[in-house]
Amino acid sequence: MCIFLASFVLAAASVLISAGAASAATVRTANWSGYAAAGAYSLVQATWVQPAVSCASGSQYSSVWVGLDGYNSSTVEEIGTEADCSNGTPVYYAWYQFYPDQRHTFSHPVHPGDELTAMSHYNAFFNSYDMGILDYTGSWTETPSGVAASGPPPSSAEVIVGLPPCDSGCIQPLANFGTVSVREALVQAAPLADANPSQIVMVTGAGQNKDTVSALSNGRDFSATWVRAG
């Protein structure tokens, strides 16, 4: 189990997803895939290997992140990595965001194959959010913190493979990330499955899958596989 609270407290957007209470149902959205659990959770964490994108022409986008809020609220405290295609060229980086505030990127390089763990945490004592990301392969760590726009406590916890928010509210094309494997997805330091999360899958306006999402294995591991850009 890869919880790194011992070394530092990691803690922790996207578009508001229309969904109710946590359930075993599959939710379909334009920009999120993965799992989300509704409830007043204060800690979410996951580990993944940075996927490589296959780029043709044009620009496409993809993210892997963990966050609090956002599933049934208009704010989210999220942190993760990006794998984009910029005019046919792969681009990788790590970032955090107190949505709807702007994203902030880290200067450390991120490469395909890097193993990373990210965490989002609400600190009730200080009424603040502490986020963090650790790149084991690149040997760097960042631990941003701040106060979100919404009042406490958080209303959900998510582990997401998806699209970054678009300022105009548009839905951007999904980069071909192949398959990304997420493991050790934990909520309140327990397996994600214990929070009875909803599975989320990205779909086009015509209802076609942009990717597929596996069932949770061992209550904490899953994968997402790209199908189409959108």
> Nearest 0.5 angstrom please: Met119 CE to Leu134 CG, how far?
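One gets 10.0 Å once the value is rounded to the nearest 0.5 Å.
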> Is there side-chain contact between Val187 and Asp194, with heavy atoms separated by less than 4.5 Å?
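Val187 vs Asp194: side chains apart.
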> Within the 3.5 Å criterion, strictly below it, is a donor on Asp211 or Thr225 matched to an acceptor on the partner's side chain?
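Note: Asp211 and Thr225 side chains miss the donor-acceptor criterion.
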> Considering all heavy atoms of both residues, which atom of Ala46 and which atom of Val66 are nearest to each other, and what is their separation?
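Between these two residues, the closest heavy atoms are CB-CG1, 3.7 Å.
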> Measure across Val44 and Gly67 and return the closest heavy-atom pair with its distance rounded to 0.1 Å.
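So the minimum-distance heavy-atom pair works out to CG1-O, 3.4 Å.
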> Would you say Ile200 and Ile160 make side-chain contact, with heavy atoms under 4.5 Å?
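Contact flag for Ile200/Ile160 side chains = yes.
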> Looking only at heavy atoms, which two atoms of Ala215 and Tyr35 are closest? And how far apart?
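Closest approach of Ala215 to Tyr35, heavy atoms only: CA-OH, 3.4 Å.
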> Are Phe106 and Tyr96, when compared by the centres of their aromatic rings, separated by less than 6.0 Å?
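Ring-ring flag for Phe106/Tyr96: true, centres closer than 6.0 Å.
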> Is it true that a side-chain atom of Lys210 and a backbone atom of Ala30 form a donor plus acceptor pair closer than 3.5 Å?
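Indeed, once roles are kept as given, a pair shorter than 3.5 Å links the two residues.
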> Please report the interatomic distance NE2(His111) to OG1(Thr137), rounded to the nearest 0.5 Å.
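Rounded to the nearest 0.5 Å, the NE2-OG1 separation comes to 9.5 Å.
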> Report yes or no: does Arg228 contribute a side-chain atom to a donor-acceptor pair with the main-chain N or O of Asn209 at less than 3.5 Å?
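Indeed, once roles are kept as given, a pair shorter than 3.5 Å links the two residues.
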> Is it true that the side chains of Asp84 and Tyr92 contain a donor and an acceptor less than 3.5 Å apart?
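No - no donor-acceptor pair under 3.5 Å links their side chains.
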> Can a side-chain donor-acceptor contact be found between Ser63 and Glu82 if the only test is distance below 3.5 angstrom?
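Yes - a donor-acceptor pair under 3.5 Å links their side chains.
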> Passes side-chain contact (heavy atoms from CB on, under 4.5 Å), Glu184 versus Thr117? Steps please.
CA-CA 9 Å; Glu184 295 300 316; Thr117 294; over 6 Å; no
> Is there side-chain contact between Tyr93 and Arg103, with heavy atoms separated by less than 4.5 Å?
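Counting from C-beta outward, Tyr93 and Arg103 do come under 4.5 Å.
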> Are Ile79 and Pro144 side-chain neighbours, meaning at least one heavy-atom pair lies under 4.5 Å?
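Yes, at least one pair of side-chain atoms sits under 4.5 Å.
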> When you compare the side chains of Ser155 and Asn72, does any donor N or O come within less than 3.5 Å of an acceptor on the partner?
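The answer is yes; a qualifying pair exists.
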> Look at the side chain of Ser145 and the backbone N and O of Tyr129, then say whether any donor-acceptor pair between them is shorter than 3.5 Å.
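No, the answer is negative, given that no donor and acceptor are paired below the 3.5 Å cut-off.
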> Say whether Val227 and Val213 are linked into one hydrophobic cluster, either directly or through other cluster members, by side-chain heavy-atom distances under 4.5 angstrom.
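Not linked; separate clusters.
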> I would like to know whether Leu116 and Tyr136 meet side-chain contact (heavy atoms from CB on, under 4.5 Å); could you show each step before the answer?
CA-CA 6 Å; Leu116 304 107; Tyr136 298 97; 5.7 Å; no
> Any donor-acceptor pair under 3.5 Å linking the side chain of Gln60 with the backbone of Ser57?
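The answer is yes, because a donor-acceptor pair under 3.5 Å joins these two groups.
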> What closest approach, in Å, do Trp140 and Ala94 show between heavy atoms, and which atom pair accounts for it?
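Heavy-atom minimum between the residues: CH2-CB, 3.6 Å.
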> Verify, without hydrogens or angle tests, whether Trp226 (side chain) and Ala175 (backbone) share a donor-acceptor contact under 3.5 angstrom.
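Checked: pair present.
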> Rounded to the nearest 0.5 Å, how far does OH of Tyr122 lie from CD of Glu77?
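Reported to 0.5 Å precision, the distance equals 10.0 Å.
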> Check for a donor-acceptor pair, side chain of Ser217 on one end and backbone N or O of Asp221 on the other, with a separation under 3.5 Å.
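No, because the side chain of Ser217 does not come within donor-acceptor range (under 3.5 Å) of the backbone of Asp221.
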> Where do Ser62 and Phe177 come nearest, in terms of heavy atoms and distance?
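Smallest heavy-atom distance, with atoms named: CB-CD2, 4.0 Å.
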> Without swapping roles, check the side chain of Gln188 against the backbone of Leu43 for a donor-acceptor pair under 3.5 Å.
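Such a contact is found between Gln188 side chain and Leu43 backbone.
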> Tell me, do Val201 and Gln199 make a side-chain contact under 4.5 Å, heavy atoms counted?
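A side-chain contact under 4.5 Å exists here.
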> Side-chain contact, heavy-atom cut-off 4.5 Å: Thr29 with Val203?
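The answer is no, as the side chains (C-beta and beyond) never meet within the 4.5 Å cut-off.
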> Could you measure the distance from the CD atom of Gln45 to the CG atom of Leu192? Nearest 0.5 Å is fine.
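One gets 12.0 Å once the value is rounded to the nearest 0.5 Å.
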> For Ala38 and Ser156, which heavy atoms make the closest approach, and how far apart are they?
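Looks like CA-CB, 4.0 Å.
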> Determine, step by step, whether Asn87 and Thr89 satisfy the side-chain contact (heavy atoms from CB on, under 4.5 Å) criterion, reporting the C-alpha distance in whole Å, the side-chain angles of both residues, the deciding distance to 0.1 Å, and the verdict.
CA-CA 6 Å; Asn87 295 318; Thr89 300; 5.7 Å; no
> With the 4.5 Å side-chain cut-off for hydrophobic clustering, are Trp95 and Val49 part of the same group?
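No; Val49 is not reachable from Trp95 via cluster members.
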> At what distance, to the nearest 0.5 angstrom, does OG1 of Thr212 lie from CE of Met202?
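It is 10.0 Å, given to the nearest 0.5 Å.
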> Do Leu174 and Tyr61 come within less than 4.5 Å of each other through their side chains, counting heavy atoms only?
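No. Closest side-chain heavy atoms not under 4.5 Å.
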> To the nearest 0.5 Å, what is the distance between CG (Asp135) and OG1 (Thr81)?
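Rounded to the nearest 0.5 Å, the CG-OG1 separation comes to 9.0 Å.
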> Could you check whether any side-chain N or O of Trp48 sits under 3.5 Å from a backbone N or O of Ser223, counting only pairs where one atom can act as donor and the other as acceptor?
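Judged by distance alone, no pair lies under 3.5 Å.
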> With the side chain counted from C-beta on, respond yes when Cys55 and Pro90 share a heavy-atom pair under 4.5 Å apart, and no when they do not.
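Yes, side chains in contact.
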> Indicate whether any N or O donor in one side chain lies under 3.5 Å from an N or O acceptor in the other, for Tyr71 and Glu158.
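No.
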> Does a donor on one side chain and an acceptor on the other come within less than 3.5 Å for His104 and Gln97?
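There is no such pair (donor and acceptor under 3.5 Å, judged by atom type) between the side chains of His104 and Gln97.
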